[in-house]
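Below is one structure, written out as structure tokens; comments come after it.
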Amino acid sequence: LENFVTMKKIILASSSPRRKQLLQILGLPFIVVSSNIEEKLDPKLFPREQVELLSRQKAEAVGKKFDDALIIAADTMVSYKGKLFGKPEDKEDAKKMLGQLSGTQHTIVTGFTILDTKTKKCVTKSTETKIWFRRITQQEIADFIKREKPFDKAGAYAIHELAAVFVRKIEGDYMGAVGLSIFQVAKVLKEFGIEVL
């Protein structure tokens with residue numbers, strides 16, 4: 001445990017309960033500080049570039065508040081036929097998103113950034129996870145939205161919750177699809193001198 005004493009303060013720049021749970025898997029002490037930046041999409045960027053950019057902006061926004069800390073920030077979106085799905089604005093928007101994703105193979109892209117506010121070292125990575133949805137009826141979509149209220153979730157669903165009943169197949173980084181690639185984060189933390197195991 002002497003490792004933790006000398007270790008830099010770790011800040012998770014996200015108010016997402018999913019990311020908090022995922023980061024807890026690593027057993028490192030951290031505190032949560034939400035970035036509250038406005039998530040503006042740039043239509044010129046590819047999906048992975050978009051989530052990487054937003055994760056970097058979140059890390060930098062929170063990083064301004066700390067002199068000597070490691071900031072971990074992330075952003076997740078759903079991509080289908082070149083279109084990006086962020087969080088739905090309302091019930092109608094959520095309905096539309098799920099209707100478009102019904103019966104498709106789409107991709108969940110998650111970008112994350114780790115920033116050392118003292119040395120200014122900054123590493124950004126992203127993962128892609130392919131998801132196959134079965135066909136979903138309009139009634140199922142309406143019932144799902146009523147029960148789940150998925151307004152804080154990219155693409156209007158979370159793969160590890162009730163939407164699992166729609167998921168026929170998944171290929172790639174499951175944790176990345178939930179919101180933070182623990183595999184990648186552990187690898188990058190090593191570059192910052194933090195060993196998870």
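The shown structure was predicted, so the numbers you read here are calculated from the model rather than taken from an experiment.
- Applying the side-chain hydrogen bond (donor to acceptor under 3.5 Å, both in side chains) test to residues at least two apart or on different chains, the pairs with a partner in residues 13-33 are Ser14-Arg19, Arg19-Thr76.
- Taking CZ from Arg168 and CD1 from Ile131, the interatomic distance works out to 11.5 Å, rounded to the nearest 0.5 Å.
- Minimum interatomic distance between Val33 and Val62 (heavy atoms only, all atoms of both residues): O-CG2, 3.6 Å.
- For residues 122-134, every residue pair satisfying the salt bridge (Lys or Arg N to Asp or Glu O under 4.0 Å) rule, not counting sequence neighbours, is listed here: Lys130-Glu171, Arg134-Glu140.
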Does the side chain to side chain contact (heavy atoms under 4.5 Å, CB included) test come out yes or no for Phe30 and Lys9, once each step is laid out? CA-CA 7 Å; Phe30 65 91; Lys9 185 176 272 175; over 6 Å; no
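- The minimum heavy-atom distance between Asp173 and Ser181, with the atom names listed, is OD2-OG, 2.6 Å.
- Summarising the geometry, atom NZ belonging to Lys120 is positioned 10.5 Å from atom CD belonging to Glu60; distances are rounded to the nearest 0.5 Å.
- Leu84 approaches Ser79 most closely through the heavy-atom pair CD2-CB, 4.0 Å.
- To the nearest 0.5 Å, atom CZ of residue Arg147 and atom CG of residue Leu162 are 4.5 Å apart.
- From Arg56, atom CZ reaches atom CD of Glu49 across 9.5 Å, with rounding to the nearest 0.5 Å.
- Remark: aromatic rings of Tyr157 and His106 are close, center separation under 6.0 Å.
- Here Asp67 pairs with nothing under the salt bridge (Lys or Arg N to Asp or Glu O under 4.0 Å) rule; sequence neighbours left out.
- Residues Ile72 and Leu23 form a side-chain contact, since some pair of their non-hydrogen atoms from C-beta on lies under 4.5 Å apart.
- Phe112 and Leu45 are assigned to two separate hydrophobic clusters, defined by single-linkage of ILVMFWY side chains at heavy-atom distances under 4.5 Å.
- Shown here are the salt bridge (Lys or Arg N to Asp or Glu O under 4.0 Å) partners of Asp90, two or more places apart in sequence or in another chain: there are none.
- Listed for the Thr104 side chain is a donor-acceptor partner under 3.5 Å among the backbone atoms of Leu101.
- Minimum heavy-atom separation, Ala186 to Leu26: CB-CD2, 4.3 Å.
- Asp152 pairs by the side-chain hydrogen bond (donor to acceptor under 3.5 Å, both in side chains) definition with nothing, not counting sequence neighbours.
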Given the rule in the side chain to side chain contact (heavy atoms under 4.5 Å, CB included) test, do Ile11 and Val32 qualify, once you have shown the distances and angles that lead to the verdict? CA-CA 6 Å; Ile11 314 293; Val32 171; over 6 Å; no
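- Within the 4.5 Å cutoff, the side chain of Val123 has no heavy atoms near those of the Thr113 side chain.
- Aromatic ring orientation, Tyr80 versus Phe85: tilted (interplanar angle from 30° to 60°).
- A heavy-atom distance below 4.5 Å is found between the side chains of Ile159 and Val178.
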Could you check Lys8 against Asp68 for salt bridge (charged side-chain N to carboxylate O under 4.0 Å, His left out), going step by step and ending with a plain yes or no? CA-CA 7 Å; Lys8 249 181 215 305; Asp68 186 10; 2.2 Å; yes
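- In terms of heavy-atom proximity, Ala156 sits nearest to Pro88 at CB-CG, 3.8 Å.
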What verdict does the salt bridge (charged side-chain N to carboxylate O under 4.0 Å, His left out) test give for Asp116 and Lys118, after you've listed the backbone C-alpha separation in whole Å, the side-chain angles of each residue and the deciding distance to 0.1 Å? CA-CA 6 Å; Asp116 184 325; Lys118 192 175 188 184; over 6 Å; no
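- In the hydrophobic clustering of ILVMFWY residues, with side-chain heavy atoms under 4.5 Å counting as a link, Leu12 and Phe66 come out apart.
- Looking at Ile114 and Phe192, their side chains come closer than 4.5 Å, going by heavy atoms from C-beta outward.
- Within the structure, salt bridge (Lys or Arg N to Asp or Glu O under 4.0 Å) contacts touching residues 70-84 (residues at least two apart or in different chains) are Lys58-Asp75.
- Residues Leu53 and Gln57 meet the side-chain proximity criterion, which asks for heavy atoms closer than 4.5 Å.
- Both Val188 and Ile25 belong to a single network of hydrophobic side chains, linked directly or stepwise wherever heavy atoms of I, L, V, M, F, W or Y lie under 4.5 Å apart.
- Each of Phe183 and Met175 belongs to its own hydrophobic cluster when Ile, Leu, Val, Met, Phe, Trp and Tyr are linked at side-chain heavy-atom distances under 4.5 angstrom.
- Judged by distance alone, the side chains of Glu52 and Ser126 do bring a donor and an acceptor atom under 3.5 Å apart.
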Evaluate side chain to side chain contact (heavy atoms under 4.5 Å, CB included) for Gln50 paired with Leu54, printing each intermediate quantity in order. CA-CA 6 Å; Gln50 183 67 73; Leu54 284 169; 3.8 Å; yes
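- At a threshold of 4.5 Å between non-hydrogen side-chain atoms, the residues Lys65 and Thr117 do not count as touching.
- Of all heavy-atom pairs between Ala163 and Ala158, the closest is CB-O, 3.5 Å.
- A heavy-atom distance below 4.5 Å is not found between the side chains of Val167 and Trp132.
- A donor-acceptor pair under 3.5 Å is formed between the side chain of Ser102 and the backbone N or O of Ile136.
- If you chain together hydrophobic residues whose side chains sit under 4.5 Å apart, Leu70 and Ile182 fall into the same group.
- Inter-residue side-chain proximity for Leu28 and Leu189 is flagged as met; some heavy-atom pair is nearer than 4.5 Å.
- For Lys121, the NZ atom is densely surrounded, since the number of other residues' heavy atoms within 6.0 Å is greater than 12.
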Between Glu148 and Lys153, does the salt bridge (charged side-chain N to carboxylate O under 4.0 Å, His left out) criterion hold? Intermediate values first, please. CA-CA 10 Å; Glu148 282 288 274; Lys153 297 172 177 82; 5.2 Å; no
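- The environment of CD in Glu89 is sparse: at most 12 heavy-atom neighbours from other residues, nucleotides or ligands sit within 6.0 Å.
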Before giving the answer on side chain to side chain contact (heavy atoms under 4.5 Å, CB included), spell out for Ile145 and Phe151 the whole-Å C-alpha distance, their side-chain angles and the decisive distance to 0.1 Å. CA-CA 9 Å; Ile145 291 168; Phe151 307 114; 4.0 Å; yes
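- Residue Arg135 holds its CZ atom at 11.5 Å from OG1 of Thr137, rounded to the nearest 0.5 Å.
- Crowding of Phe46 atom CZ: a count of heavy atoms from other residues, nucleotides or ligands under 6.0 Å not exceeding 12.
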